[in-house]
4 protein chains.
Amino acid sequence: MADMRANPDVKRGRPRQLSVRDAVLAGAGQLLLQAGTKGFSIEGVARLSGASKVTIYKWWPSKGALALDGFYTLVSPSIDTTLTGDVEQDLVTQVSAVLALFRDTAIGPILAGLIGEAQRDPELAAAIRERWLEPRRQCGVAIVEAAQAAGHVRPDLDPTMILDQIYGPIYLRLLVGHAPLTDDLAAALVRTILSGVLCRASDASERPARSTHHEHNWTRRDELAKAPSAARHS
Amino acid sequence: MADMRANPDVKRGRPRQLSVRDAVLAGAGQLLLQAGTKGFSIEGVARLSGASKVTIYKWWPSKGALALDGFYTLVSPSIDTTLTGDVEQDLVTQVSAVLALFRDTAIGPILAGLIGEAQRDPELAAAIRERWLEPRRQCGVAIVEAAQAAGHVRPDLDPTMILDQIYGPIYLRLLVGHAPLTDDLAAALVRTILSGVLCRASDASERPARSTHHEHNWTRRDELAKAPSAARHS
Amino acid sequence: MADMRANPDVKRGRPRQLSVRDAVLAGAGQLLLQAGTKGFSIEGVARLSGASKVTIYKWWPSKGALALDGFYTLVSPSIDTTLTGDVEQDLVTQVSAVLALFRDTAIGPILAGLIGEAQRDPELAAAIRERWLEPRRQCGVAIVEAAQAAGHVRPDLDPTMILDQIYGPIYLRLLVGHAPLTDDLAAALVRTILSGVLCRASDASERPARSTHHEHNWTRRDELAKAPSAARHS
Amino acid sequence: MADMRANPDVKRGRPRQLSVRDAVLAGAGQLLLQAGTKGFSIEGVARLSGASKVTIYKWWPSKGALALDGFYTLVSPSIDTTLTGDVEQDLVTQVSAVLALFRDTAIGPILAGLIGEAQRDPELAAAIRERWLEPRRQCGVAIVEAAQAAGHVRPDLDPTMILDQIYGPIYLRLLVGHAPLTDDLAAALVRTILSGVLCRASDASERPARSTHHEHNWTRRDELAKAPSAARHS
DNA sequence: ATATAATCGAGACGGTACGTCAAGTCTTGTT
DNA sequence: AACAAGACTTGACGTACCGTCTCGATTATAT
């Protein structure tokens, strides 16, 4: 994308006043916190920030874009996870971080609101995908692919789908609220998708054993005993 | 919801005109189809149906409630699946039905829009949970619980979570669009959550075994042949 | 202009709330007085009157229309002149009334502002013509035509033009302010257009004297000097 | 307007670039022609001329001032009438010139728009008076005063008022549009104000008396020949 | 040559008003 | 009582022009 203007290096005109930009972003974040996505309006941001509507319209193409930028003043987009090399542990660590963000801060509902808004604003949807979802998924994909390379995870599976099966439930619960985002959810989701759901014992009794000599099943989840029954919901 | 009024049996005044109700619902459904959740408005429904705004406000508590009712004039809420007793097959059948609904009809985006709207309308959220999500989940829960009872599925797992790990990815893709809803998605999701993701001991012949001392095998994922890697998305 | 609706006599819906109408008009008048045509804005009227902008836009097609209506809450459109039958006296009476209105009240500048606004609003221009100018001119025309009928005024002249030559100077001064609207202006304008400007004495020197005994010439119009014949033309 | 600075002869800094001045004026004139007074805006002139808004604001105190200057790029302010000494003829010549300008060129409406704008811009009003109205009136005043000196026009009359009674109707029609600016208007206006409107006694001798018992003759306006009724307006 | 000073284009910015849309609430008369 | 028609307030939308304000680049005279 080469710059088409005559003198791209020559900066002409009054330079953008960064204080205004910051005030707008701060106002947007504040308004999101106070009023949520529902009460979010460009006029509200203008009021809060002291900027004029025209200025906002100049720099942000749409309400959604502004809201997303405001959202990012609330969340630092840091995804710094030190990997251990253990699939389960690494995934749980990362998922737990996201989960904690949704549970313990106000940004859970706000992100939900943004995704809701994205249903009527395709550009916002794209922005959310690119700026929020994908970066986070990259880490997960890296973990899974490393595990595949190390031979811990079946290589024929699409890492993307595996991640969806971990994050999907979280976002689904965030968006429709049919079940709570409990603390142990991250661990449970990861463990289940890793080991699967089928009984080892039942295989033995009901089906012809395909191979009888196999030891190992899921390395380190032996005592899965304690029921996560609290995950039920009215 | 029993009628709470003093004399429920004494009906005075003009009785409710059901034709109006139907016209409103038809108009709501039509408007949803034509304009989507974004262009859906009570005034639009009034225009289309010939009913007056007051009438609509009288019988539907909110825009969301009307939209959901309109939505149900488009989708028959039938979930009639004949179960075979095979967990995988039954789940795939059911999930495929939902998936086809989202893929092939207009109701995928409309439902997404409704869930989006629900972010700013808690009552709509509750209604969606109760009227759409839960009925569908009951079937799935029944399948899983039957499998647990039959000893095919590990009894320590929460069926709810298992279902979330199947449906979550679908709704996530529907809402965020980071990956397409492919045809084989249902089968892949079900198979993966059933069998898990880790390498089996049988792989030990192929790869260096990490630990050697357990039994369980869960055969039946050998011919996972067709790569679901097409699920990637731009 | 027959009413085209199905049942023109059946009044349906909530009737227009006249109190709102009155409040808007009062607000418009007040705003005109306070801020003049320059500071007049629909939003200002909405603020002052307590009515909403939408309501104002519903009933008044444009800012100009509202301003003109507001103007009429300041001026009662009464043009009640008892005619005596004497052209000069009747005209002076009427013109003086208008002049006094322009001089002594605030409506002079306001009307000027409206005419100014009419330069960019053809509908306002038409409304001013029909509702302000013409009614007033009718009276003048009536006086002139009566005088023509009575033989006091030359019948070959267009009464419209005569009135323009009386009122034109007043509006011109009102609009461009190059000369003041003095008290005696009405009398002077009327007298001059009635008697003309040419000297009788000059006629005497250049032409065969028609009459010789005048000490003053234009006081009464009994024997007025004849128009120079050069003025005739096809 | 002498230069008030300390050292008026010492010119320092970059001298004013006259090409900019000309471009702005040309742009202003062009915009007036294209969009009229209504669509005239400083930003538009800046766009058209390539000058920056600041430059325009520096050299022209207000939008009206710029518009007037732009107006003068469209009209050459020449008022070159060779006088014959005959009041009527000279006045008609001059008035006809103005009338033709208003009728046949675009500057009639533009001038009307400027006068309209002047209602909200006192400085523009003053400028119009000084730069447009007065110069033109000077000529007329000269003619009238010459006629007064020659004894053709009554010396007790204010030439200003006489001119107002000629030009007033023209501007009134230009601004309000209640009657058209016809070709013969100039001659009619001049003739009427010169001769007056009242019936002359001399007509009694020139025409066959219709009825003998009154002092005026033309009972009804028998041969109104060319009807001036066309001067009426919708 | 090197300040000093003005001109000028580009463009950012707050402000006021524009005209429109839909949400809800209300007030009629009609069924 | 149910209902249609429609008046009304509220709040936000996105746009236009105003007038002011930095910037950097340019172009002259004065030291």
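Each chain gets a letter, A, B and so on, in the order the sequences are listed, and its residues count up from 1.
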> Distance from D/Ile115 atom CD1 to D/Ile110 atom CD1, nearest 0.5 Å?
Replying inline: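 Here the interatomic distance stands at 12.5 Å.
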Tell me: [atom1] of [X] to [atom2] of [N], nearest whole Å?
X: D/Tyr57; N: F/dC17; atom1: OH; atom2: C1'; value: 8 Å
X: C/Leu18; N: E/dT27; atom1: CG; atom2: P; value: 15 Å
X: A/Lys38; N: F/dA12; atom1: NZ; atom2: P; value: 13 Å
X: D/Ile42; N: F/dC18; atom1: CD1; atom2: P; value: 6 Å
X: A/Arg120; N: F/dC13; atom1: CZ; atom2: P; value: 13 Å
X: C/Lys63; N: E/dT16; atom1: NZ; atom2: P; value: 15 Å
X: D/Glu117; N: F/dC18; atom1: CD; atom2: C1'; value: 13 Å
X: B/Lys58; N: E/dT25; atom1: NZ; atom2: P; value: 14 Å

Base, sugar-phosphate alone, or nothing: which one does [X] contact when heavy atoms must sit under 4.0 Å apart?
X: C/Gly44; answer: nothing
X: A/Ala51; answer: sugar-phosphate
X: C/Arg21; answer: nothing

>> In terms of relative ring orientation, are B/Trp132 and B/Phe71 parallel, tilted or perpendicular, with 30° and 60° separating the classes?
In response: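 Rings of B/Trp132 and B/Phe71: perpendicular, as their planes differ by over 60°.
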> If we only count heavy atoms from C-beta on, is the D/Trp60 to D/Leu25 side-chain gap below 4.5 Å?
Replying inline: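 Result yes, sub-4.5 Å side-chain heavy-atom pair found.
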> Is there side-chain contact between D/Glu117 and C/Arg120, with at least one heavy-atom pair below 4.5 Å?
Replying inline: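 In contact.
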>> Regarding F/dG14, can its base be found pairing with the side chain of A/Lys53 as donor and acceptor, where the two atoms are less than 3.5 Å apart?
In response: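 Yes, the side chain and the base share a sub-3.5 Å donor-acceptor pair.
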>> Please tell me if B/Arg47 has a side-chain N or O lying less than 4.0 Å from either OP1 or OP2 of F/dG6.
In response: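 No, no such contact exists.
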Where the side chain of [X] is defined as all heavy atoms beyond and including C-beta, which of [options] is the nearest nucleotide?
X: C/Val54; options: E/dA22, E/dC8, F/dA12; value: E/dA22
X: C/Val20; options: F/dA5, F/dC13, F/dC8; value: F/dC8
X: C/Ser52; options: E/dC8, F/dA12, F/dT9; value: F/dT9

> Taking for each residue the nucleotide of DNA chain F bearing the nearest heavy atom, is the 5' side occupied by B/Gln17 or by C/Thr55?
Replying inline: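 Looking at DNA chain F, the more 5' nearest nucleotide goes with B/Gln17.
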> B/Trp59 or D/Arg14: which one's nearest nucleotide on DNA chain F is closer to the 5' end?
Replying inline: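 Closest to the 5' end, via its nearest nucleotide, is B/Trp59.
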> Starting at the 5' end of DNA chain E, which residue's closest nucleotide do you reach first, D/Arg16 or D/Glu43?
Replying inline: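 Between the two, 5'-proximity favours D/Arg16.
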>> Need to verify one output field. Residue with the more 5' nearest nucleotide on DNA chain E, A/Ile56 or C/Ser41?
In response: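 Result: A/Ile56.
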> On the ring face of D/Trp59, is D/Arg21 found with NZ or CZ under 6.0 Å from the centre and within 45° of the axis?
Replying inline: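 No, D/Arg21 does not lie over the aromatic ring of D/Trp59.
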